[in-house]
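Please read the structure below before turning to the comments.
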There are 2 protein chains.
Amino acid sequence: MFSKACEYGIKAAIFIASNSFENRRVSPKEISEEIDSPQAFTAKILQALVKNNIVKSVRGAYGGFEIDKDKIATTKLAQIVYAIDGDGIYKGCGLGLHTCDENHPCPVHDKFKVIRDELQDMLGNTSLEQLALDIKSGVSFLKV
Amino acid sequence: MFSKACEYGIKAAIFIASNSFENRRVSPKEISEEIDSPQAFTAKILQALVKNNIVKSVRGAYGGFEIDKDKIATTKLAQIVYAIDGDGIYKGCGLGLHTCDENHPCPVHDKFKVIRDELQDMLGNTSLEQLALDIKSGVSFLKV
DNA sequence: TATAAATAAGATAAATTTATCCGAAATAAA
DNA sequence: TTTATTTCGGATAAATTTATCTTATTTATA
Ligand code: FES
Ligand code: FES
């Protein structure tokens with residue numbers, strides 16, 4: 001469904017958010033350990049999230065990654081997915097036609113659209129805050 | 001969502017089915033032209049569909065690919081997807097945890113499950129026949 | 001039985017995604 | 001200002017997916 005890069009990006013953002021609740025910055029090392037991902041690759045993905053203004057990085061000693069508290073509440077899963085995987089998952093044709101077009105539909109268009117729109121709604125309505133709170137309270141998990 | 005191989009496989013099966021309605025066998029060359037896919041790669045995927053008993057191949061002169069008419073009606077999209085991409089799309093965790101487990105859920109599990117199950121239902125309920133008939137009647141398209 | 005036409009199968013190559021490595025740049029504190 | 005710590009950025013490598021090519025094998029027909 002999502003690329004590995006996107007999976008790591010989502011999990012990293014959730015982990016950073018759950019630590020930012022307590023004003024703790026976290027390093028790529030700690031992140032990759034907690035979400036069980038390759039460290040250097042994860043660092044690359046973090047850079048993309050920084051560029052897209054989803055997480056904030058602080059360089060130098062005592063630095064690390066954090067997310068402003070108000071941003072945790074307003075950031076939606078959709079923004080993270082878009083930053084890493086783009087909008088192909090929403091807009092692209094399920095069978096790979098050049099464009100998904102109502103007027104020139106592929107055989108699965110109608111049925112696909114329903115599911116794709118639902119996925120888009122879900123990603124657009126799910127905030128980082130909800131997900132991070134579930135991690136903090138031990139309801140959900142980031143690895144294994 | 002699906003791999004390229006799977007996209008080609010679905011479109012190939014639909015094209016073969018739509019020709020089998022008229023007892024016409026088709027070649028990998030014709031298939032790849034009609035679904036706009038690389039010929040040799042498509043041929044490989046056809047072999048997988050043959051092994052999984054989804055399409056029938058007839059070797060030698062006047063051979064080609066076909067699907068028995070009764071099978072066109074009973075074959076579901078799910079079988080094609082399973083033959084090529086496996087069941088990861090239904091059963092795997094959306095965030096890449098080793099297993100999707102209700103008792104050890106990832107942060108998006110609940111919301112993901114809804115969509116995943118709907119996708120599974122859709123693929124399980126959509127027959128090759130419906131899709132092939134839409135191609136024949138010009139309601140939907142396999143390329144561009 | 002010989003020939004031509006067709007799929008099957010295996011080896012190889014190209015492209016993309018995933019992953020690693022290393023030096024540069026920035027920052028806080030001593 | 002020096003040093004230690006940390007992210008940033010570019011180059012490289014490994015793995016996977018996608019794609020091609022070449023040779024076998026099968027089969028209908030002449
Ligand atoms: S045209 Fe294929 S999903 Fe819309
Ligand atoms: S555990 Fe991640 S989708 Fe179920």
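Note on naming: letters A, B, ... go to the chains in the order of the sequence lines (proteins, then strands), and numbering restarts at 1 for each one.
Residue Phe2(A) contributes atom CZ, which lies 16 Å from atom P of dT17(C) at whole-angstrom precision. Between the P atom of dA6(C) and the NZ atom of Lys29(B) lies a distance of 11 Å, rounded to the nearest Å. Spacing between atom NZ of Lys56(A) and atom P of dT27(C) amounts to 12 Å, rounded to whole angstrom units. Atom CZ of Phe41(A) and atom C1' of dA14(D) are 12 Å apart (whole Å).
Contact annotation for Tyr62(A): backbone-only contact, meaning every heavy-atom pair under 4.0 Å involves sugar-phosphate atoms and none involves a base. No contact: Val55(A) has no heavy atom under 4.0 Å from any strand.
The phosphate of dA8(C) has OP1 or OP2 within less than 4.0 Å of a side-chain N or O from Ser57(B). A close approach under 4.0 Å does not occur between any side-chain nitrogen or oxygen of Gln39(A) and OP1 or OP2 of dA19(C).
Ion pairing between a basic and an acidic side chain is recognised when a charged N comes within 4.0 Å of a carboxylate O; Glu22(B) and Lys69(B) show no such pairing. Ion pairing between Arg24(A) and Glu30(A) holds under the 4.0 Å rule for side-chain N and carboxylate O.
Set against dT7(D), dA9(C), dG10(D), the side chain of Pro28(A) has dT7(D) as its closest nucleotide. Closest approach to the Gln47(A) side chain among dC8(D), dA19(C), dA19(D) is made by dC8(D) (side chain taken as heavy atoms from C-beta onward). Closest contact between the side chain of Ser3(A) and the listed nucleotides dC8(D), dA9(C), dT18(C) involves dT18(C). Checked against dT27(C), dT7(C), dT20(C), the side chain of Arg59(A) finds its nearest nucleotide in dT27(C). Closest approach to the Pro38(A) side chain among dC21(D), dA8(C), dA19(C) is made by dA19(C) (side chain taken as heavy atoms from C-beta onward). Comparing dT7(D), dT20(D), dA19(C) against the side chain of Phe65(A) picks out dT7(D) as the nearest.
Using a 4.5 Å heavy-atom cutoff, the side chains of Val50(A) and Phe65(A) are in contact.
For Phe141(A), the CZ atom counts as densely surrounded, since its 6.0 Å shell holds more than 12 non-hydrogen atoms of other residues, nucleotides or ligands.
Of the residues near DNA chain C, Val58(A) and Ala5(A), the one whose nearest nucleotide (by heavy atom distance) lies more toward the 5' end is Ala5(A). Sequence order on DNA chain D of the closest nucleotides to Ala61(A) and Lys51(A) puts Ala61(A) first from the 5' end.
Phe41(B) and Tyr8(B) have perpendicular rings, their planes meeting at more than 60° on a 0 to 90° scale where under 30° would count as parallel.
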